[in-house]
Amino acid sequence: MLAGLQKTSLVNFPRRVAAAVFLPGCNMRCPYCHNAELALASPSSFNGNTQSANEYYELSEIYMFLEKRKGLISGLVISGGEPLMSPALFELIERAKALNLAVKIDTNGLFPGRLEDLINSDSLKPDMIALDVKTSPERYGELLATNTKEAAEKAKASILKTIDILKSNSGNLETEYRTVLAPALVFEEEIKKIASILPKNARWRLAQFVPGVCLSPEWNSVEPYPLSKAQGLTTLAKSLIPDTELR
């Protein structure tokens, strides 16, 4: 199986020089997603695309790379797709920890049981979780690969459960919440609803939507919020969750 690899990152893992691995497969279809190849791929049999601009490597090659770089990096970011879907996740964490690398996992929050298993594991517990909160929980059905009423209700319950798990572990697990300011999906009402479910001391990072390589081609012509609008949404969010920044 292939996975994406960013060999060095100074921004994906706070206070660390890190590598980042992008595992294939996702249960969401966020129209603005920039990792469409990975989001649409099978979690267990992704073979890449020879015409892709992205670089993909066999997991064995990634393990060798991490071994060679262990003195130059101090962290590994595991992203996707949705990494909690991947059969490679546990082994990847084990390999990183064997090299004394701190582990950060980026997740969409729809697999609370698997996340809780990791957090409660002595050998697999990550050092940091970054949770993407896409929009208000009741709108998650709009973003699912399988958009049924049952799936939407399950997604709503899952994201709320994940946030509860992270709240319960806030004292011993670094956590960051992230929201893309995607027009039509995030505006004032969504900001208020998201803030109402986050812990008041949350670290909440907002990011501008960027068109150009979106999973849904029609989103490539969607205009991002003007900076003044993005700043206004950030000011609103900051009034509700003080540790909020626009990246």
Side-chain angles (χ1 to χ4, degrees), residues 1-7 9 12-13 18-63 65-66 76-96 103-119 121 124 126 128-135 140-148 150-159 161-162 165-166 178 180 182 185 213-217 219:
M1 185 187 81
L2 298 178
L5 175 64
Q6 182 179 356
K7 295 182 177 180
S9 171
N12 285 341
F13 201 150
V21 173
F22 300 87
L23 296 173
C26 190
N27 59 330
M28 301 190 78
R29 294 294 181 267
C30 304
Y32 54 84
C33 176
H34 284 188
N35 286 334
E37 284 180 319
L38 291 167
L40 298 173
S42 164
S44 57
S45 59
F46 178 57
N47 294 315
N49 181 342
T50 56
Q51 296 181 342
S52 172
N54 298 316
E55 292 191 68
Y56 298 112
Y57 299 85
E58 291 286 349
L59 288 174
S60 58
E61 295 178 294
I62 292 174
Y63 297 149
F65 167 79
L66 295 176
L76 179 67
V77 178
I78 306 176
S79 190
E82 171 49 49
L84 290 175
M85 290 179 65
S86 177
L89 177 61
F90 286 10
E91 182 179 4
L92 188 53
I93 294 174
E94 288 173 345
R95 295 275 187 150
V103 173
K104 170 177 173 275
I105 295 178
D106 298 340
T107 181
N108 63 28
L110 298 189
F111 296 93
R114 297 180 194 177
L115 178 62
E116 193 165 36
D117 287 345
L118 285 179
I119 291 174
S121 169
L124 297 173
M128 181 176 179
I129 296 291
L131 175 63
D132 290 318
V133 186
K134 310 289 186 178
T135 183
Y140 264 62
E142 301 172 38
L143 303 175
L144 298 177
T146 303
N147 186 3
T148 64
E150 181 181 6
E153 287 300 315
K154 182 178 179 181
K156 177 182 176 181
S158 294
I159 189 66
K161 176 63 173 175
T162 291
I165 291 169
L166 295 176
R178 310 185 303 194
V180 175
L185 286 171
V213 289
C214 297
L215 185 152
S216 296
W219 273 69

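Values below: all heavy atoms of this structure, side chains included; hydrogens, waters and symmetry mates excluded. Each residue takes its place number in the sequence, starting with 1.
- Using a 4.5 Å heavy-atom cutoff, the side chains of T107 and L131 are in contact.
- When all heavy atoms of G81 and C26 are compared, the pair lying nearest together is CA-CB, 4.1 Å.
- N108 and N27 are linked by a side-chain donor-acceptor pair at a separation below 3.5 angstrom, with hydrogens and angles left out of the test.
- Across A39 and C33, no two heavy atoms sit closer than the pair CB-SG, 4.3 Å.
- A distance of 10.0 Å separates CD of E116 from CG of L166, quoted to the nearest 0.5 Å.
- Between L66 atom CG and K7 atom NZ the span is 11.0 Å, to the nearest 0.5 Å.
- Expressed to the nearest 0.5 Å, how far CG of D106 lies from CD1 of I78 amounts to 9.5 Å.
- Closest non-hydrogen pair, L5 versus F22, comes out as N-CD1, 4.3 Å.
- Between P112 and I165 the shortest heavy-atom distance is O-CD1, 3.4 Å.
- Closest approach of F13 to V103, counting heavy atoms only: CE1-C, 3.8 Å.
- Ion pair E91/R95 flagged as a salt bridge, since at least one NZ, NE, NH1 or NH2 atom sits closer than 4.0 Å to an Asp/Glu carboxylate oxygen.
- Of the possible polar contacts, one joining the E58 side chain to the M1 backbone as a donor-acceptor pair under 3.5 Å is found.
- Proximity of L115 to I105: side-chain heavy atoms (C-beta onward) are nowhere separated by under 4.5 Å.
- Proximity of a side-chain donor or acceptor of S121 to a complementary backbone N or O of D117 within less than 3.5 Å is not detected.
- Within the model, atoms OH of Y32 and NZ of K134 stand 4.5 Å from one another, a figure rounded to the nearest 0.5 Å.
- Summarising the geometry of L143 relative to P31, their closest heavy-atom pair is CD2-CD, 3.7 Å, with the distance given to 0.1 Å.
- A donor-acceptor pair under 3.5 Å is formed between the side chain of K104 and the backbone N or O of N12.
- Side-chain contact between E82 and L110 is absent, with no heavy-atom pair separated by less than 4.5 Å.
- Here the side chains of L40 and R29 are in contact, with some heavy-atom distance below 4.5 Å.
- At a threshold of 4.5 Å between non-hydrogen side-chain atoms, the residues V180 and L185 do not count as touching.
- In this structure the side chain of Y140 reaches within 4.5 angstrom of the side chain of V133, judged on heavy atoms.
- Side-chain atoms of L92 and Y63, non-hydrogen and from C-beta on, do get closer than 4.5 Å to each other.
- You'll find the side chain of P126 reaches within 4.5 Å of the side chain of L118, heavy atoms only.
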#### Entry: Verdict with supporting geometry, V21 and F65, side-chain contact (heavy atoms from CB on, under 4.5 Å)
CA-CA 11 Å; V21 173; F65 167 79; over 6 Å; no

